[in-house]
Amino acid sequence: MRSHWVLNHFNEVLKKYNAGYFVLIDPEQCELGRCAKLAGEVENAGADAILLGGSFLTSDLHPIATALKQETNLPIVLFPGDSMHLTPHADAILYISLISGRNPNYLIGEQVKAAPWIQRYRLEAIPTGYMLIEGGSSTAVEFMSGTIPIPRDKPDIAGPHALAAEYLGMQMVYLEAGSGAAHPVPNKMISTVKAQINIPLIVGGGIRTPETAAKKVAAGADFVVTGNVLEENGSFELMKAFADAIHGQNN
Ligand code: 1GP
C-alpha cells in the first residue's frame, strides 16, 4: 500500500487555512548551508512544504535534500525539470506532466524514465498537471521544454487544459508563469481555471509581494509558490508576511 501522507498533509492545510504556502528552493540559486537554513526559517514562519528543484540542475540533489531534512520537518517535495532530478532523501515528488505543451517527452517520456526510480526510492508521487502561462519574459522552463506557454489573456484555453488534467486523474494543477517571470499568472486566468476543477490549484512564478500572493488566493489559488523573492530577501519578516497573507484570516 503506497503512502499518501504528503497529499493528505496538503488536504489538511486546506481544511485549516484559506490556502497553503509552498517555498521553492532551487539548488542552483543558493549554496547548501544557506538552502538548509532557509528551510528551517520558512517552517518557523509558517510555510506548509518545501519544493526542491528547478528546470536545469547541475547540483547533486542527495546532499541538499539530506541537509534540508535535518533543518525542517516540513515535507520535502521534488519539483523536477526532468527524470534525472530525483533523490531518495525527499518525501514526495510533484509527478508533473507539462500539459500546456505538445512535447511528448515532457508529457510522458521523462515520466516513464523516472517511474522505476520513484518506486525504488519510495517517493510519494503526486500526479500534477503543469501548465506554463505566458509571464511577460522568456523563462527557463519554456526554453528547456521547447514548448510555448498559454497566452496570458486566454483563460478560456487554460480552463479545458486543467479540466483534462482532472479527468485524467491528476491530483493537482499547477499554473506556472516561470521562475522570475515579469508578471505572475493573471487573476482572471486563476479564477477561470478554478471554476472548472475540483482538484487543488497551485499558482507560482513572479510573485514578489505578500499583497500579490493574497490576490492570487482571492482569485482561487489553493497553494501559492514563491522562489526567487526569498533568495533575494530572505528576511524572517517577509517569510512570515507571505505565510500570513496566504493563510488568510484563519491563521
Ligand atoms: C517557479 O513558481 C515557481 O517554478 C516560483 O517562481 O521564483 O518567480 O517565485 P519565482
Side-chain angles (χ1 to χ4, degrees), residues 10 19-30 34-35 38-39 41-42 45 47-57 59 61 76-82 85 90 92-101 106 110 126 128-145 147 149-150 152 158 162 172-187 189-190 193 200-217 219-235 238-239 241-243 245-246:
F10 292 170
Y21 181 28
F22 295 162
V23 172
L24 171 66
I25 293 184
D26 181 340
E28 300 297 304
Q29 304 290 337
C30 61
R34 204 165 75 75
C35 283
L38 181 64
E41 287 174 353
V42 296
D48 299 298
I50 305 285
L51 300 187
L52 175 64
S55 303
F56 184 76
L57 298 186
S59 312
L61 281 175
I76 307 295
V77 182
L78 296 175
F79 178 51
D82 65 39
H85 299 173
I93 179 168
L94 287 188
Y95 196 54
I96 56 182
S97 181
L98 180 50
I99 59 169
S100 58
Y106 289 95
E110 295 297 318
I126 302 173
T128 302
Y130 188 63
M131 296 167 55
L132 189 54
I133 310 298
E134 182 193 0
S137 51
S138 178
T139 59
V141 59
E142 186 181 331
F143 178 78
M144 293 305 295
S145 67
T147 67
I150 295 176
R152 54 190 287 104
M172 305 184 93
V173 166
Y174 192 141
L175 294 180
E176 170 71 271
S179 193
H183 308 292
V185 177
N187 298 335
M189 180 157 292
I190 296 169
V193 166
L201 180 59
I202 308 171
V203 175
I207 296 172
R208 294 181 175 82
T209 67
E211 294 72 26
T212 303
K215 284 182 185 153
K216 302 305 159 196
V217 174
D222 294 299
F223 294 94
V224 172
V225 184
T226 68
N228 275 294
V229 69
L230 295 188
E231 278 150 11
E232 288 157 10
N233 170 11
S235 77
L238 185 62
M239 297 171 195
F242 270 111
I246 293 164

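Counting convention: from 1, in listed order, for ligands and their atoms alike. One-based numbering along the sequence shown.
Any N or O atom pair closer than 3.5 Å counts here, and G206 shares at least one such pair with ligand 1.
Nearest protein heavy-atom contact of atom 3 (C) of ligand 1 is Y174 OH, 3.6 Å. The closest protein non-hydrogen atom to atom 1 (C) of ligand 1 is E176 OE2, 3.3 Å. Looking only at protein heavy atoms, the nearest one to atom 9 (O) of ligand 1 is G227 N, 2.8 Å. Closest to atom 6 (O) of ligand 1, if we only count protein heavy atoms, is G205 CA, 3.3 Å.
Under 4.0 angstrom from ligand 1, the non-hydrogen atoms of L24 all belong to its side chain. By the criterion of a heavy-atom distance under 4.0 Å, neither the backbone nor the side chain of F22 is placed next to ligand 1.
Below 4.0 Å from some heavy atom of T226 lie the following atoms of ligand 1, by number and element: 9 (O).
Partners of D26 according to the side chain to side chain contact (heavy atoms under 4.5 Å, CB included) rule, which considers only residues two or more places apart in sequence or in another chain, are E28, Q29, L57, E231. For the side chain to side chain contact (heavy atoms under 4.5 Å, CB included) test, residues two or more places apart in sequence or in another chain that qualify with A177 are A181, V185.
Here the straight-line distance linking atom OH of Y130 with atom OG of S97 works out to 12.0 Å at 0.5 Å rounding.
Put simply, the side chain of F79 reaches to within 4.5 Å of the side chain of L24, judged on heavy atoms.
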